[in-house]
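Below is one structure; the comments refer to it alone.
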Amino acid sequence: MLKTPSPTAPLPSGHAEGVSNDEFRAAMSRLAAGVVLVTAQEPPLDPDDPQAPGVEDVGMTATAFLSVSLDPPLVLVSLREGARMDDLLAEQPLWAVSVLAESQRHIAGRFAMKGRISDRLLFEDIPYSRGEVTGAPLVGGALATLECRTEQRVAAGDHTLVIGRVLTARVPSAEGGPLLYFRGRYRQLG
């Protein structure tokens with residue numbers, strides 16, 4: 001007797017029967033998400049270069065970011081496994097988040113590029129201040145900024161879920177709406 005697999009039995013690829021990568025992406029693209037810039041500092045890339053800065057700033061655009069808990073204040077960001085930010089936050093527990101405003105689409109696009117130039121050049125013409133606790137860049141004009149310390153890392157498929165305790169939270173700008181990501185493009189409310 002031939003046994004038919006159940007509709008939700010995982011296939012060797014890890015997908016439930018009948019769900020392709022394209023179908024999953026299309027379905028999830030219908031969920032609007034806020035856009036943030038996750039930042040942190042790493043040791044100098046060339047410690048032997050006397051002209052190199054003492055630390056390097058690193059940034060990454062993320063749309064999988066959410067509040068987890070009020071008490072204690074926790075947030076979560078999902079990072080592609082093996083991405084530069086994933087590797088950095090495995091070593092560096094302090095990081096920051098800038099919630100981008102609708103006028104900051106260029107920042108989101110810049111830090112989402114594949115094969116991009118050095119992060120040092122990407123930060124060059126962006127106004128930012130340094131977080132008082134993390135030292136990480138906090139984007140000027142962001143709707144909100146958070147400084148975080150990693151509490152937990154959870155492997156989840158091809159991503160790592162990084163849960164961070166919020167150490168500082170500021171609302172430096174009340175102007176404008178949030179930058180959103182919907183159906184594969186940056187959008188505005190309205």
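Side chains included, hydrogens not; waters and symmetry mates left out as well; all remaining heavy atoms used.
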Between CG of Leu179 and CD of Gln104, what distance do you get to the nearest 0.5 Å?
-> 8.0 Å

In this structure, CE of Met60 is separated from CG of Leu89 (nearest 0.5 Å) by 8.5 Å

For Asp71, all residues meeting side chain to side chain donor-acceptor pair (under 3.5 Å), sequence neighbours excluded | none

Given side chains that start at C-beta, do those of Thr160 and Asp86 come closer than 4.5 Å, heavy atoms only?
-> yes

Test side-chain contact (heavy atoms from CB on, under 4.5 Å) applied to Val99 - qualifying residues, sequence neighbours left out | Val36, Leu143, Ala144

Got a sec, which pairs hit ring-ring contact (aromatic ring centres under 6.0 Å, His included) with one end in residues 119-143, sequence neighbours left out?
-> Phe111-Phe123, Phe123-Tyr128

Donor-acceptor pair, Glu23 side chain versus Ser20 backbone, under 3.5 Å?
-> yes

Glu81: what forms a salt bridge (charged side-chain N to carboxylate O under 4.0 Å, His left out) with it, not counting sequence neighbours?
-> none

For Asp158, all residues meeting salt bridge (charged side-chain N to carboxylate O under 4.0 Å, His left out), sequence neighbours excluded | none

With side chains defined as the heavy atoms from C-beta onward, is the minimum distance between Pro137 and Arg130 less than 4.5 Å?
-> yes

With side chains defined as the heavy atoms from C-beta onward, is the minimum distance between Thr61 and Leu37 less than 4.5 Å?
-> yes

Given side chains that start at C-beta, do those of Ile126 and Ile107 come closer than 4.5 Å, heavy atoms only?
-> yes

For Arg105, all residues meeting salt bridge (charged side-chain N to carboxylate O under 4.0 Å, His left out), sequence neighbours excluded | none

OG-CG distance between Ser129 and Leu138, expressed to the nearest 0.5 angstrom = 4.5 Å

Across all chains, not counting sequence neighbours, the side-chain contact (heavy atoms from CB on, under 4.5 Å) partners of Ala90 are Arg153

Validation row: Glu42, Gln92 side chains within 4.5 angstrom (heavy atoms) = no

Go through the structure and list residues passing side-chain contact (heavy atoms from CB on, under 4.5 Å) with Glu102, not counting sequence neighbours.
-> Gln188

With sequence neighbours excluded, what pairs up with Thr63 under the side chain to side chain donor-acceptor pair (under 3.5 Å) test?
-> none

CG of Leu74 to CD of Glu151, rounded to nearest 0.5 Å, is 6.0 Å

Can you list every salt bridge (Lys or Arg N to Asp or Glu O under 4.0 Å) pair that touches residues 132-143, not counting sequence neighbours?
-> Glu132-Arg170

Can you check whether Val75 reaches Leu146 side chain to side chain, under 4.5 Å on heavy atoms?
-> yes

Go through the structure and list residues passing side chain to side chain donor-acceptor pair (under 3.5 Å) with Arg80, not counting sequence neighbours.
-> none

Side-chain heavy atoms of Val77 within contact of Trp95, under 4.5 Å | yes

Enumerate the residue pairs fulfilling side chain to side chain donor-acceptor pair (under 3.5 Å) with a member in residues 134-148, sequence neighbours excluded, ordered by first and then second residue.
-> Thr134-Glu147, Glu147-Thr168

Any Lys/Arg nitrogen of Asp119 or Arg110 sitting under 4.0 Å from an Asp/Glu carboxylate oxygen of the other?
-> no

When rounded to the nearest 0.5 Å, the distance separating CG of Leu94 from OG1 of Thr39 is 11.0 Å

Between the NE2 atom in His106 and the CG atom in Leu100, the distance rounded to the nearest 0.5 Å is 9.0 Å

